[in-house]
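Shown next, in structure tokens, is the structure this report addresses.
Worth knowing before you read on, the calculation uses all heavy atoms, side chains too, and leaves out hydrogens, waters and symmetry mates.
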Amino acid sequence: MTCVLVLGLAVLRLAAAPLALHPENPHYFIYNGEPTVLITSAEHYGAVLNADFDYDLYLNTLHNDGMNYTRLFTGSYVEIPGSFGIGNNTLAPDTGRFLAPWKRVAEPGLYAGEKKFDLSQWNPDYFRRLRAFVARAQELGILVEVTLFCSTYQDAYWERNPFNPGNNINDIPPDLQRKKSNTLKNGALTGFQKQLVQKIVTELNEFDNVFYEIQNEPWADDPVRVMRTLRSLDPRPGEGDWFKWAERASDAILEWQNVMARTIVETEKSLPQQHLIAQNYTNFKHSIAHVDEQISIINFHYAWPQAVWMNMAWERPIGFDESGFAGSSDTTYLRQAWQFMLAGGALFNNLDYSFFVGAEAGSGDNDAPGGGSPRLRRQLAVLRKFIHSFDFIRMQPDHEAVVHAPGLQWQGISEPGKQYAVIFTGVGNDWIKLDLSEGEYHYDFVSPFTGKVLKSGIEKFASRTRLMLPEFAHMVALRIKK
């Protein structure tokens, strides 16, 4: 009886613990006692800092559409109307509707119509809204990635930033430039940034559905080119060649990030719960040279499947943390999600521009450098359901199961001899060749668009067994189980 009681308490503690790395396979997560992957198509990170955004309707929409994850900026960074060519942008609140962690004072700031901040005083309205958002998300089983800081991409955005010396009354060096704001050479600002981290981490410590990311796209402030992408896409002709290179943050920014990560860890030492920390490394793909021991999740933007393969040995989940700049077609981002997750990824976030103020149900028509729609969210729910139809904790990237798929690209994960998950994309022949451990298997070809089984059967597999494909458009998924 005592043993049963102890076991029961252990299970309860596991179920109540924050999101964690799965103890049997740290490339994936465990939450509420269950293995999980995080898949979403979520708004542009302004759900809390934009006072006009109806976050309750938004979170209910994510839940009803089968999404289990959203990403959130804290208000240490804000955008202005027209940023990145976005017509309706939740990260660009109307004047007077930007809700930040700090109190405002009477003195006018640099941005027309907005007052300066006192970085030494907290804004209780902000923290009430932040806690209410996270609490509601937890009720709905939605994980919240809290991104603490962000690069400031242009001087025009810096004019509204709370860290700009012209927008606060604190002893920030008057000549501080935006590209130095997230380094240790920012004068007194580092101290205020650490205080913000301590405050947010303390306020959210009780919640299980939170993990932290230190800085969004840190390479934008001081890029160090690390890998040529050979990408032909030119999303904005004549406006630079960022899409041709994977870039990492400079050493000065990485040093500052380590301080912020250490602040999270040290703050939580005296608190009941400890949460995972993510670091955003590069666009596209890169073999990461060093991962700090404080970091649990490796995040990429606009990621290629190779980003997973190159970094599996770090024994951490790999995330596709933001999509976009590849047109507005749902099919493009659905294909990216399937290819990345079936390369062994653990997290996918499509930046969904169909959410904005007045369109919190996610069906808005937006002029933006990406996509998003109710249809795409339903399709991404098919991907999540497909992965969860496996004992995926036992699976790893598989480069050998498919011997030949003429005309098609493919990615797959497997537990060799037991279970295989493969996505095929493109236009090819009507057959593939597989090399599985000899035996009898059940297989299903599944539509990534609908979840409908297009073809199924039982087959005796051996070396180089040919399997006929069903008719499909763009992509088809294959599920095989012994």
side-chain hydrogen bond (donor to acceptor under 3.5 Å, both in side chains) for Arg377 and Asn350? Distances and angles first, verdict last. CA-CA 9 Å; Arg377 293 190 293 276; Asn350 177 62; over 6 Å; no
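- Glu268 has its side chain within reach of Asn205: a pair of non-hydrogen atoms, C-beta onward, lies under 4.5 Å apart.
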Before giving the answer on salt bridge (Lys or Arg N to Asp or Glu O under 4.0 Å), spell out for Arg97 and Asp94 the whole-Å C-alpha distance, their side-chain angles and the decisive distance to 0.1 Å. CA-CA 5 Å; Arg97 305 303 289 165; Asp94 287 345; over 6 Å; no
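- Side chains of Met341 and Phe392 form no contact here, defined as non-hydrogen atoms less than 4.5 Å apart.
- Ion pairing between Lys269 and Glu266 fails under the 4.0 Å rule for side-chain N and carboxylate O.
- The residue from Thr70, Asn299, Thr40 that alone fulfils the side-chain hydrogen bond (donor to acceptor under 3.5 Å, both in side chains) condition with Glu145 is Asn299.
- Remark: the backbone N or O of Gln294 is paired with a side-chain donor or acceptor of Asp292 at under 3.5 angstrom.
- Partner of Trp102 under the ring-ring contact (aromatic ring centres under 6.0 Å, His included) criterion, chosen from Tyr126, Phe127, Phe163: Phe163.
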Are Thr152 and Asn161 close enough, and set up right, to give a side-chain hydrogen bond (donor to acceptor under 3.5 Å, both in side chains), and what steps lead you there? CA-CA 8 Å; Thr152 303; Asn161 194 298; 3.2 Å; yes
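- Contact of the Thr282 side chain with the Trp245 side chain is not registered, since no non-hydrogen atoms from C-beta on lie closer than 4.5 Å.
- Of the possible polar contacts, one joining the Asn164 side chain to the Gly166 backbone as a donor-acceptor pair under 3.5 Å is found.
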Tell me, with the steps shown, if Phe348 and Phe340 meet ring-ring contact (aromatic ring centres under 6.0 Å, His included). CA-CA 8 Å; Phe348 179 83; Phe340 185 83; 7.3 Å; no
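- In this structure the side chain of Asn216 never reaches within 4.5 angstrom of the side chain of Tyr77, judged on heavy atoms.
- With hydrogens and angles ignored, the 3.5 Å screen pairs a side-chain donor or acceptor of Ser323 with a backbone N or O of Leu351.
- Using modelled atom types, no side-chain atom of Arg384 and backbone atom of Ile39 make a donor-acceptor pair closer than 3.5 Å.
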Given the rule in the ring-ring contact (aromatic ring centres under 6.0 Å, His included) test, do Phe207 and Phe133 qualify, once you have shown the distances and angles that lead to the verdict? CA-CA 11 Å; Phe207 298 104; Phe133 178 93; over 10 Å; no
Chi angles and distances behind the side-chain hydrogen bond (donor to acceptor under 3.5 Å, both in side chains) call for Asp208, Gln273: CA-CA 8 Å; Asp208 300 334; Gln273 301 200 109; 3.3 Å; yes
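- Ring geometry for Phe355 versus Tyr58: interplanar angle over 60°, hence perpendicular rather than tilted (30 to 60°).
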Pair Lys185, Thr190 - check side-chain contact (heavy atoms from CB on, under 4.5 Å), show working. CA-CA 8 Å; Lys185 297 188 181 299; Thr190 292; over 6 Å; no
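- Judged purely by atom type and a 3.5 angstrom limit, Asn311 uses its side chain to pair as donor or acceptor with the backbone of His286.
- Side-chain contact between Glu217 and Asn283 is present, with heavy atoms from C-beta onward closer than 4.5 Å.
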Mind running side-chain contact (heavy atoms from CB on, under 4.5 Å) on Ile80 and Tyr111 for me, showing each step along the way? CA-CA 10 Å; Ile80 61 175; Tyr111 191 73; 3.6 Å; yes
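- Annotation: side chain of Leu204 is in contact with side chain of Tyr212 (closest heavy-atom distance under 4.5 Å).
- Classified by interplanar angle (parallel below 30°, tilted 30° to 60°, perpendicular above 60°), the ring pair Tyr302/Phe284 is tilted.
- No donor-acceptor pair under 3.5 Å is formed between the side chain of His275 and the backbone N or O of Pro18.
- Side chain of Asn167 to main chain of Gly109: no donor-acceptor pair is present (N/O by atom type, distance under 3.5 Å, no hydrogens or angles).
- The side-chain contact (heavy atoms from CB on, under 4.5 Å) test with Leu59 is passed by exactly one of Asp54, Ile142, Val144, Asn64: Ile142.
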One pair to check against side-chain hydrogen bond (donor to acceptor under 3.5 Å, both in side chains): Gln215 and Ser151. What are the steps and the verdict? CA-CA 7 Å; Gln215 181 184 356; Ser151 297; 3.1 Å; yes
